[in-house]
Structure formats: structure tokens, C-alpha cells
Amino acid sequence: MRSPVVRPSCTEEEPTVEESFGTVIRRARTDLGLSQRELAKMLRVDFTYLSKLENDRADYAAKEDVIRSIAQHLELDEESLVFLAGRTPQRYEQFLKKHHREMPKLFQRMAENPAFAEQVFRAASGEGKLR
């Protein structure tokens with residue numbers, strides 16, 4: 001499975017900028033040589049809805065099952081695509097609810113302290129330990 005592409009920013013000082021959900025699925029679709037209508041038919045959605053998703057103009061984030069189907073058909077990593085779409089995978093909902101009081105503090109600390117956020121991400125990927 002391919003992960004959504006991360007493009008480096010212009011300078012080394014700026015953080016990396018991830019492509020939008022729509023850009024990722026449009027690029028993956030065209031890389032596979034599929035038209036919007038072909039992919040929409042595979043997904044069993046209207047091609048105009050797929051167009052809105054690709055242009056980041058949908059009124060709401062796609063449902064998780066639709067995102068996972070898109071990922072499967074486009075050979076993308078399902079979990080990464082769900083997060084990129086602005087959704088939390090259902091399998092993590094109970095954990096988040098259990099820790100709902102700590103989550104805002106964690107996200108705030110990560111937003112305010114990029115070095116800490118980097119440690120968390122490295123530990124999550126098995127590349128390092130939290131200090």
C-alpha cells in the first residue's frame with residue numbers, strides 16, 4: 001500500500017506540507033489511468049461526488065467506508081487516507097473517548113512544541129523513545 005505523498009516545503013526551516021485528501025486521490029486515480037467515472041462506478045458513488053472529493057469541495061468528509069474503498073481501489077494506505085480526510089478511524093474511537101480529557105492537552109502540547117510532536121511520531125513509528 002502506498003501512503004499519501006508528503007512533499008517537502010521550500011525551506012528546511014518550514015515543516016513538511018502534506019497534500020490534501022483530494023489531491024492525493026486525484027493523483028492516485030490518474031496514476032492508475034482511471035477516469036472519475038470509472039472510479040466512481042467501482043466505488044458505487046456518483047462521479048460528481050467523487051469530483052467534489054478530489055477538489056476538496058465536498059460539504060462534509062466522506063464516510064470511513066467510502067474512504068477505505070477509495071484507498072483499496074487506488075492502492076493507498078487505508079488508515080493514512082482516513083486520517084488525511086479528517087476522520088478518526090472507528091477502531092480508535094473507544095480509546096479517544098476513554099482519554100477525552102487528556103486529548104486536548106496532548107494536541108495542544110504537540111502543536112506548541114514541534115520537538116515533542118516529532119518525538120511522539122518517531123516513537124509511534126518505532127524509531128525512537130519518548131523522553
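Everything numeric here is computed off the predicted structure, so don't read it as measured data. Both backbone and side-chain heavy atoms feed into the values below; hydrogens, waters and symmetry mates do not. One is the number of the first residue; the rest follow in order along the sequence.
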Quick one: do [X] and [Y] end up in the same hydrophobic cluster if we chain Ile, Leu, Val, Met, Phe, Trp and Tyr together by side-chain heavy atoms under 4.5 Å apart?
X: Leu106; Y: Phe95; value: yes
X: Val66; Y: Leu34; value: yes
X: Phe121; Y: Tyr92; value: no

[X] (side chain) donor-acceptor with [Y] (main chain) under 3.5 angstrom:
X: Glu38; Y: Ser35; result: yes
X: Thr30; Y: Arg27; result: yes
X: Ser69; Y: Asp65; result: no
X: Arg109; Y: Phe116; result: no
X: Arg26; Y: Glu54; result: yes
X: Asn113; Y: Ala115; result: yes
X: Arg29; Y: Leu74; result: no
X: Glu64; Y: Gln90; result: yes

State whether Arg68 and Glu78 are salt-bridged, where the test is any N-O pair (Lys NZ or Arg NE/NH1/NH2 against Asp/Glu carboxylate O) under 4.0 Å.
yes
Once you round to the nearest 0.5 Å, how far does [atom1] of [X] lie from [atom2] of [Y]?
X: Leu81; Y: Phe21; atom1: CG; atom2: CZ; value: 4.5 Å
X: Met42; Y: Gln72; atom1: CE; atom2: CD; value: 12.5 Å
X: Gln94; Y: His99; atom1: CD; atom2: NE2; value: 10.0 Å

Tell me yes or no: between the side chains of Tyr49 and Gln36, is some donor less than 3.5 Å from an acceptor?
no
Do the side chains of Gln108 and Glu112 get nearer than 4.5 Å, heavy atoms only?
yes
Minimum side-chain heavy-atom gap Gln119-Met110 below 4.5 Å:
no
In this structure, which one of Leu84, Leu50, Ile67, Leu39 forms a side-chain contact (heavy atoms from CB on, under 4.5 Å) with Ile25?
Leu50
Between [X] and [Y], which heavy-atom pair has the shortest distance, and what is it?
X: Asp56; Y: Gly22; result: OD1-N, 3.0 Å
X: Ala62; Y: Leu53; result: CB-CD2, 4.1 Å
X: Ala61; Y: Ala85; result: CB-O, 3.5 Å

Determine, step by step, whether Phe107 and Glu102 satisfy the side chain to side chain contact (heavy atoms under 4.5 Å, CB included) criterion, reporting the C-alpha distance in whole Å, the side-chain angles of both residues, the deciding distance to 0.1 Å, and the verdict.
CA-CA 9 Å; Phe107 281 97; Glu102 295 89 1; over 6 Å; no
Is it true that, when you exclude Glu93 itself, more than 12 heavy atoms of the residues, nucleotides or ligands shown sit nearer than 6.0 Å to its CD?
yes
Working for salt bridge (charged side-chain N to carboxylate O under 4.0 Å, His left out), residues Arg87 and Glu79
CA-CA 10 Å; Arg87 293 276 187 190; Glu79 294 277 298; over 6 Å; no
Set out, in order, the CA-CA distance, both residues' side-chain angles and the distance that settles side-chain hydrogen bond (donor to acceptor under 3.5 Å, both in side chains) for Thr48 and Ser51, then state yes or no.
CA-CA 5 Å; Thr48 59; Ser51 176; over 6 Å; no
